[in-house]
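It should be emphasised that the depicted structure is a prediction, and the values quoted were computed from it without experimental measurement. In each ligand, atom 1 is the first atom listed, and ligand 1 is the first ligand listed. Any value given below was found using the heavy atoms of this structure, including those in side chains, with hydrogens, waters and symmetry copies removed.
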Amino acid sequence: MTTQSENNAQYQTDKNLSIRQRLHQQYSTNSQGLMPWLREQITIRPGDKILELGCGNGSLWEGYLTQISSTVQLTLSDYSQGMVDQVTRQFDQDSRVNCLKIDAQSIPFEDGTFDIVIANHTLHTVPNIALAIREIRRVLKPHGTFYTSANGNHGMEYYLHTAIQSIQPSNTSFSDQLSFNLQNGVPQLETAFRQVARRDYPDSLRITKTADLIAWIESTRTPDDGVDDALLKQLATYFEALRQRDGAIMIPKQVGLLIANN
Ligand SMILES: C[S@@+](CC[C@H](N)C(=O)[O-])C[C@H]1O[C@@H](n2cnc3c(N)ncnc32)[C@H](O)[C@@H]1O
């Protein structure tokens, strides 16, 4: 289970998140991009009140606010003050946007406040996911919709786990299924919502610079996750050999969106 102190270290600023976002921007084989695809899936109506939890550096809204109604009210929130400061600098001059520090496990709004709640790639980082889901359901209006993007359990993490095991068979890094993913997220959401739909975004990575993949792995490190400097060096050699043999490092992705409502 993710601890909040691990999160605080990982997400103090968007330094680590940006490294990972850049890898996907540079090397994804689906040229649409995850954020533009997510925007297409989320139905926003004039007057909607929207809450985003774990907004990170606000990439969902970058270059997009001009395309949505002048009457929406958007609360961008994250548990990291560094992330909140960043989205405040970027979006707060827009009178529709309010930026707040919020823990998804204890949302400081009244019951039935929002038409839409969004939590993209965030629930797996929350220590008590069941509590967060109850809170999200509580602050949604009766016919409101919750959108949450997540990875699946047959994507990049599983591929990296297999690669690490071929170097160090006893190493369990990346082996745990995420605590919230496209598969196990459905029954978790069904505890609070009557309908849960899953939409997948087909994609993979074709990485032509080994150092960029190693930087991605390094950006996920926590003090005791089993990926030390020596292993990083071995991984660099392993992936560079693949790159030279195949012309690129080909990595599967499994990513999509769960849509929950009543
Ligand atoms: C993987 S990032 C995703 C950021 C962004 N939604 C995106 O898709 O690029 C997870 C985010 O969740 C935030 N977070 C972690 N624990 C949280 C909590 N308990 N409540 C709200 N946000 C949290 C982190 O600070 C981080 O910004």
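- Checking side-chain atoms of Glu135 against main-chain N and O of Ile107 turns up a donor-acceptor pair under 3.5 Å.
- With respect to atom 15 (C) of ligand 1, the closest heavy atom belonging to the protein is Thr125 OG1, 3.2 Å.
- Put simply, part of Ile102 is less than 4.0 Å from ligand 1, judged by heavy atoms.
- A donor and an acceptor atom, one from each side chain of Gln73 and Asp48, are nowhere located under 3.5 Å apart.
- With respect to atom 10 (C) of ligand 1, the closest heavy atom belonging to the protein is His121 O, 3.5 Å.
- If you look at Cys55 next to ligand 1, the close heavy atoms, those under 4.0 Å, all belong to the backbone.
- The Ser80 neighbourhood of ligand 1 comprises atoms 25 (O), with distances under 4.0 Å to a heavy atom of that residue.
- At least one cation-pi condition fails for Lys141 and Phe114: the charged atom is not both under 6.0 angstrom from the six-membered ring centre and inside a 45 degree cone around its axis.
- Closest protein heavy atom to atom 9 (O) of ligand 1: Gln21 NE2, 3.3 Å.
- Looking only at protein heavy atoms, the nearest one to atom 27 (O) of ligand 1 is Asp78 OD2, 2.6 Å.
- The pair Arg221-Asp229 meets the salt-bridge criterion, with a side-chain N (NZ, NE, NH1 or NH2) lying under 4.0 Å from an Asp/Glu carboxylate O.
- Inspection of the Glu52 and Trp61 side chains reveals an N or O donor paired with an N or O acceptor under 3.5 Å.
- Close contacts between ligand 1 and Ser59 involve ligand atoms 9 (O) [criterion: under 4.0 Å to a heavy atom].
- Under 3.5 Å, the side chains of Gln12 and Gln81 contain no donor-acceptor pair of N or O atoms.
- Here OG1 of Thr88 is found 12.5 Å from CE of Met83. Values are rounded to the nearest 0.5 Å.
- No donor-acceptor contact under 3.5 angstrom links the side chains of Ser77 and Thr75, judged on distance only.
- Of the protein's non-hydrogen atoms, Gly54 O, 3.4 Å is the one closest to atom 5 (C) of ligand 1.
- Between the side chains of Gln254 and Glu157, no donor N or O sits under 3.5 Å from an acceptor N or O.
- Tyr79 N, 3.5 Å is the protein heavy atom nearest to atom 22 (N) of ligand 1.
- Counting atoms of ligand 1 from 1 in the listed order, those under 4.0 Å from a heavy atom of Met83 are 27 (O).
- At least one heavy atom of Thr122 sits less than 4.0 Å from an atom of ligand 1.
- Atom numbering of ligand 1 starts at 1 in the shown order; those under 4.0 Å from a heavy atom of Gly56 are 4 (C), 27 (O).
- Scanning the protein heavy atoms around atom 20 (N) of ligand 1, the nearest turns out to be Ala104 N, 2.9 Å.
- Polar contact with ligand 1: present for Asn120 (N/O pair, distance under 3.5 Å).
- Looking only at atom types and distance, the side chain of Ser149 has a donor-acceptor partner in the side chain of His121 under 3.5 Å away.
- Nearest protein neighbour of atom 19 (N) of ligand 1, counting heavy atoms only, is Asp103 OD1, 3.0 Å.
- Side-chain contact check for Gln86 and Asp14: at least one donor-acceptor pair (N or O, by modelled atom type) lies under 3.5 Å.
- Residue His124 has no N or O atom closer than 3.5 Å to an N or O atom of ligand 1.
- Here Gln10 has no heavy atoms under 4.0 Å from ligand 1, in either its backbone or its side chain.
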